[in-house]
Amino acid sequence: MRNILIIGATSAIAEATARRFAAAGARFYLVGRNAEKLAAIARDLEIRSGQPVTRESLDLDQLDLHPALLERAKQVLGGIDVAFIAHGILPDQAACQQSVEKTLAAIQTNALSTISLATLLANTFEQRGRGLLIVISSVAGDRGRQSNYIYGAAKGMLNLFLQGLRNRLSKKGVQVLTIKPGFVDTPMTAAFEKKGLLWAQPDQIAKGIVVAVERGRDEVYLPGFWRWIMLVIRHIPEGIFKRLKL
Amino acid sequence: MTALSSWGRYPHSKPRQILPCRDAQILTLPAEPLSCLPFGNGRSYGDVCLNDDGALLCTRGLDRLIAFDPAMGLLRAEAGLLLSDILALIVPQGWFLPVTPGTQWVTLGGAVANDVHGKNHHIAGSFGNHVRAFELLRSDGERLICTPKQNIEWFQATVGGLGLTGLIAWVEIQLQRIANPWIVAENRRFASLDEFLALNDDYEARYPYIVSWIDCAARGRALGRGIYMAGMHAPPGLMKPPPVERRALTVPFAPPISLINNPSVRGFNWLYYHLPRPARGLTPYQPFFYPLDNLLEWNRLYGRRGFFQYQCVIPPLDAREALREILARIAASGQGSMLAVLKRFGKRTSGGLLSFPRPGITLALDFPNRGQKTLALLERLDEVTRQAGGAVYPAKDARMSGDSFRQYYPQWEVFSRSIDLRFSSSFWRRVMAN
């Protein structure tokens, strides 16, 4: 685990995870939207890892830029060992319901751009016969709920896509890891009241990701109790579920 | 965001708003006209980090390293970074914090704002002595780079300034070289305050780190007995002792009543004094500097009502008599303290207008909150401190009177001119009100 490409490197979960990888001396290629924030994170990781960090700011919704981006990362790092896809937005559900445009834009960012990157990375890894692809999905992708089914639908698509990718690549020495966090205290969820036992800190999720990588896991709920919560939620009969306010 | 009470779990306070800071370039202020106060990791004890009915600017999100020069030992980092994170980075590279308080779980900004001190005050002074620069964000949009030579009045007001002069965005400190992560430690029992003072004269020249525990349940002839602990960073090439596996224990919840009571305090103190311990040995740095960090959330032991810390410093001339009087008043009250810590401060001062450390002897104690009875005892201790021309530490205070504060910190008026107009704290309003 030496050369790591992080897409969406300014996400709180990605930053916390990168710090843990940095302590083990990893080299990074960071991609994100906000150039200033990216610079601060890159500097921090440089000091922690003792290695130079490359960064690039890019609008990931432009799918046609993806192939060149991966080429640059490959060049700079001299081959990608780990790709960590962590970008995403939490769309305004109410606004999306009134706008096809906003709905599709949310799906573009949360699902299609990730699928584009994952496709390219999967082919690279398959060719090399090794590699680790980590993607942050969400527990929201496990069942459609009225409060955020647009975000959930994008994550659900991602989950199925990654499942297939894993099925295809597991014999080729490539690990595909789906991360399904629950509620995490990050800028993405800044508008929520953060109280209660269900909320986790980004570093807790980061720790879980590192453990999942070490254990060669396929799909993890973080924190782990979400696995049981989602097991129950997935098994509520639709006839009852549609009457619940979730 | 759970850390809303301070470490003493008293007083309880409700901020109107909690704003996370994530960008060291911008000062995010509440939309409503609320007063603001930076809140780091909530490890100060009383109300100095609280802002009842105001807004708290939570700085833990400002935790990035900005620059580290491993040749010179210069480190610049955002103010919300914890000292534990700094140690994890620098110790393997042969550097150490110039000064460290008794917990590594304080933020860099908090260490500056309270001008914290450590076991090496007699040679190194306090944290502010090692601050090379910091940036202060003011509510009017002004951004000030402060150093001991530039924007000096802001530097002196902000070091020890209790977060009232604006938000510290980042801090640059000078680290000290170490040869390895081990500490050579020496323990000695002493039977009286006089013996403690004699030991100081002997040890201070030889050891950079010194602290003493005293048995404040002891009375009569045993008054002032305790254990003297000295340490130094181990020299290069020293054989490493086997690694010590230490698992952190967490106090799971606060019991309804304090577990720290008379019999437990008396028993603990007797045991702690008589427990055999090695006269000299090698120890990792964490248990030496941070003995309580392994007992996570130990403040819960004091129950739901929380506890008071009392840390005073008494100038050298009157120290012996005043400390005897303080110990006698505590012993007579029957409200013992588990953790009574004694230390001689050196002459070096950081120049912070509200800095606590000054030449003399400092005593730190904690008392379970038993309401009026405890407040009355602490006021009786303040009487002694005031008469001796000493001071009480704001970072550990929840109850000193305004009169006492103004006497302890005669530069408060000069300081108050540097307070940011949008900033305030429960502590500040309390000591200004009476």
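FYI, side chains are in, hydrogens and waters are out, and symmetry mates aren't considered; it's all heavy atoms of this structure. Throughout, a chain's letter reflects where its sequence line sits, starting with A, and its residues are numbered from 1.
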With side-chain contact (heavy atoms from CB on, under 4.5 Å) as the criterion, how do B:Asp23 and A:Lys37 come out once you've worked through the C-alpha distance, each side chain's angles and the decisive distance to 0.1 Å?
CA-CA 8 Å; B:Asp23 188 341; A:Lys37 211 173 155 197; over 6 Å; no
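With a threshold of 4.5 angstrom between heavy atoms, B:Ile66 approaches chain A through N, CA, C or O but not through any side-chain atom. With a threshold of 4.5 angstrom between heavy atoms, A:Ile41 approaches chain B through its backbone and through its side chain. Contact annotation for A:Glu15: only side-chain heavy atoms (C-beta onward) come within less than 4.5 Å of a heavy atom of chain B. In this structure, chain A has a heavy atom under 4.5 Å from the side chain of B:Leu81, while its backbone stays farther away.
Around atom CZ of B:Arg143, more than 12 heavy atoms belonging to other residues, nucleotides or ligands sit under 6.0 Å away. Enclosure of atom CZ in A:Arg227 is not indicated, since only 12 or fewer non-hydrogen atoms of other residues, nucleotides or ligands lie within 6.0 angstrom. In A:Arg217, the CZ atom is not crowded: 12 or fewer heavy atoms of neighbouring residues, nucleotides or ligands sit closer than 6.0 Å. Shown here is B:Gln93, whose CD atom has more than 12 heavy atoms of other residues, nucleotides or ligands within 6.0 Å. Within 6.0 Å of the CZ atom in A:Arg33, the count of heavy atoms belonging to other residues, nucleotides or ligands does not exceed 12. Heavy atoms from other residues, nucleotides or ligands lying under 6.0 Å from CZ of B:Arg177 number more than 12. In A:Gln75, the CD atom is not crowded: 12 or fewer heavy atoms of neighbouring residues, nucleotides or ligands sit closer than 6.0 Å.
Contact annotation: the side chain of B:Leu65 never approaches that of A:Arg43 to less than 4.5 Å [non-hydrogen atoms, C-beta and beyond].
Ionic pairing of B:Asp63 and A:Arg19 is present here: one or more N-O contacts between side-chain nitrogen and carboxylate oxygen are shorter than 4.0 angstrom.
Once rounded to the nearest 0.5 Å, the distance linking CZ of B:Arg76 with CD1 of A:Ile47 reads 10.5 Å.
Heavy-atom minimum distance, B:Arg22 versus A:Thr186: NH2-C, 4.0 Å.
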